**Q** 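I have a structure here, written as structure tokens, and I will follow up with some questions on it.
Here the structure is a predicted model, which means the values were calculated and not measured. Quick note on labels: first sequence line is chain A, next is B, and so on, each numbered from 1. Basis for what follows: all heavy atoms, side chains included, without hydrogens, waters or symmetry-related copies.
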Amino acid sequence: MRLTRYFLPVLKENPAEAQIVSHRLMLRAGMIKQQAAGIYSWLPLGFKVLKRIEQIVHEEQQRAGHIPLLMPTLQPADLWRESGRYDDYGQEMLRIRDRQDREMLYGPTNEEMITDIFRSHVSSYKDLPLTLYHIQWKFRDEMRPRFGVMRGREFLMKDGYNFDIDKAAALHAYNRHMVSYLRTYERMGLTAIPMRADSGPIGGDDTHEFLVLAATGESEVFYDAAVTELKLGDRAVDYENRAEVAEVCREFTTLYARTDETHKPELFDQIPAERRRVGRGIEVGQIFYFGTKYSDPMGANVVTPDGSRVPVHMGSHGIGVSRLLGAIIEASHDERGIIWPEGVTPFHAGIVNLKQGDAGTDAACEGLYAALKAAGLDPLYDDRDERAGAKFATMDLIGLPWRLTVGPRGLAKGVVELTSRRSGESEELTAEAAVARLREIYADR
RNA sequence: CGGGGUGUGGCGCAGCCUGGUAGCGCGGCUGCUUUGGGAGCAGUAGGCCGCAGGUUCAAAUCCUGUCACCCCGACCA
């Protein structure tokens, strides 16, 4: 993309309404525009990152064997009356009446609807296990939306639902989700720690939240420092293998890590003092096992091999997709702007033309731009007629992890400059070598 | 929902107390000079002062109502 042909309304000054860094940077980098309290338009740059995150979530869910579908944002009230939640959910649920005066709601979550789909089409144990998920906009009418996309009223969420024959199978689905989530967050450059949690209005016994450590987090967290060292890495996990999946979960949940909701000081104090940590975290996902809480009242039963009918065991599992934008920025920025992890960056690299209009420099930039695209990369070429400082400032603000700087001085030596946004380190190399290097960096992304 | 605050060009703000018909910085556009970390000079465009009503010869300014947004708190992917 050429910057002169793109739509990137960056702001030089901080908008007054934004209090926390991720919100400020998203506004300044031209990623979002607020339309009402807690409701945002996603401008091209923000939309691009949102789509990258969504893509990673899809890939990891499908790798775990979970099946995508799409349910609507608007739901009929009757489904929620069956589960009893129409009256229980409270003011957070946005209720709407259509022209026929039918009661509708903008879905805050989808347990009822997915259960309805399941019971309509599945009736035998032979169809289990089954995990369905979607990525769809939700609406929760928060009392006080804040922190930009971190606590919006309208937000994009991946929510998945497993249907299993018994508790053991459902707990395997729970564990499978935990592992797939760990991998998902790692691919986004995040360290997200599973912490034992409270179940809230979803209900159920087993639940973990995934917290990204950040000073601006809304939850207070208590953990063993060793937990931040755990990495899933490239290890191959067979999602069908219950014991193997459970072992990974054990590895990631044995060390103490809890939010203030479930914190037990007497357990915390058993951690060696030098590893005890109290901090703050951003919740970016949560998994639940809740047994037959919905299948029972809604009649989601299957016939077992011996011919009896039993309600299925279920769980639900969510990732706050739009919230992740904020969480990633909170975890990865500096005073000059965002620093995107390679896994989610909106463009793989930026090209800065230091002398726009100079025939040689322009030609070199064009060549580099074409070569990067030919290599399967997605570059952003700053071809504006701006001074070097302005171009650098824009690149730093929008946070592309790699910058290629092209100017007459370097070209005289036959080189361009490749700079890491994260470390600030530069190296001079030929255009061909720079393309090869970037190709290597993004080889498996 | 309780408490506090703010609405003035695209963004950040001043003006309001003490009414006299709107100003500054950034940004935009034009020209010239400049050009390896947010340039300089000159010119120029852009405002129903959130909305409605009232007081007044006259309202951004005073009064009443209303809407929106922000912050603190209690609640949450």
**Q** Choose from B:C70, B:C75, B:G37 the nucleotide whose nearest atom is closest to any side-chain atom of A:Ala37.
**A**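 The nucleotide sitting nearest to the side chain is B:C70.
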**Q** Classify the angle between the aromatic ring planes of A:Tyr369 and A:Tyr381 as parallel (below 30°), tilted (30 to 60°) or perpendicular (above 60°).
**A**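 Judged by the thresholds at 30° and 60°, the geometry between A:Tyr369 and A:Tyr381 is tilted.
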**Q** Only counting residues at least two apart or in another chain, list the ones meeting salt bridge (charged side-chain N to carboxylate O under 4.0 Å, His left out) with A:Glu251.
**A**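 Listed in chain order: A:Arg235.
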**Q** Can a side chain N or O of A:Gln19 be found less than 4.0 Å away from OP1 or OP2 on B:C72?
**A** no
**Q** From CD of A:Glu92 over to P of B:C75, roughly how many Å is that when rounded to an integer?
**A** 12 Å
**Q** In the 5'-to-3' direction, what one-character label does each nucleotide of nucleotides 1-16 of chain B receive under the scheme B = base within less than 4.0 Å of a protein heavy atom, S = sugar-phosphate only, - = no such atom?
**A** B---------BSS---
**Q** What's A:Gly407 touching, base or sugar-phosphate or nothing? Going by heavy atoms closer than 4.0 Å.
**A** base
**Q** Please tell me if A:Arg387 has a side-chain N or O lying less than 4.0 Å from either OP1 or OP2 of B:G38.
**A**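 The answer is no; no side-chain N or O of A:Arg387 sits under 4.0 Å from OP1 or OP2.
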**Q** Take the protein atom CG of A:Asp385 and the nucleotide atom P of B:G36, then report the distance between them rounded to whole Å.
**A**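 Result: 13 Å.
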**Q** For the pair made of CZ in A:Phe147 and P in B:C75, what is the distance, rounded to whole Å?
**A**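 Answer to the nearest Å: 15 Å.
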**Q** If you assign A:Gly389 and A:Gly285 each to the RNA chain B nucleotide with the nearest heavy atom, which residue ends up on the more 5' nucleotide?
**A**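 The residue mapped nearer the 5' terminus is A:Gly389.
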**Q** Are side-chain N/O atoms of A:Tyr181 and A:Glu60 paired as donor and acceptor at under 3.5 Å?
**A**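 There is no such pair (donor and acceptor under 3.5 Å, judged by atom type) between the side chains of A:Tyr181 and A:Glu60.
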**Q** By nearest nucleotide on RNA chain B, pick out whichever of A:Lys355 and A:Phe155 is the more 5' one.
**A**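 The 5'-side residue here is A:Lys355.
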**Q** Kindly indicate whether the side chain of A:Glu386 and the base of B:G38 share any N or O donor-acceptor pair separated by less than 3.5 Å?
**A** no
**Q** Any side-chain to backbone donor/acceptor pair from A:Asp362 onto A:Gly357? Under 3.5 Å, distance only.
**A**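 Such a contact is found between A:Asp362 side chain and A:Gly357 backbone.
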**Q** Do any N or O atoms from the side chain of A:Lys138 and from the backbone of A:Gln136 form a donor-acceptor pair under 3.5 angstrom?
**A**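 Such a contact is found between A:Lys138 side chain and A:Gln136 backbone.
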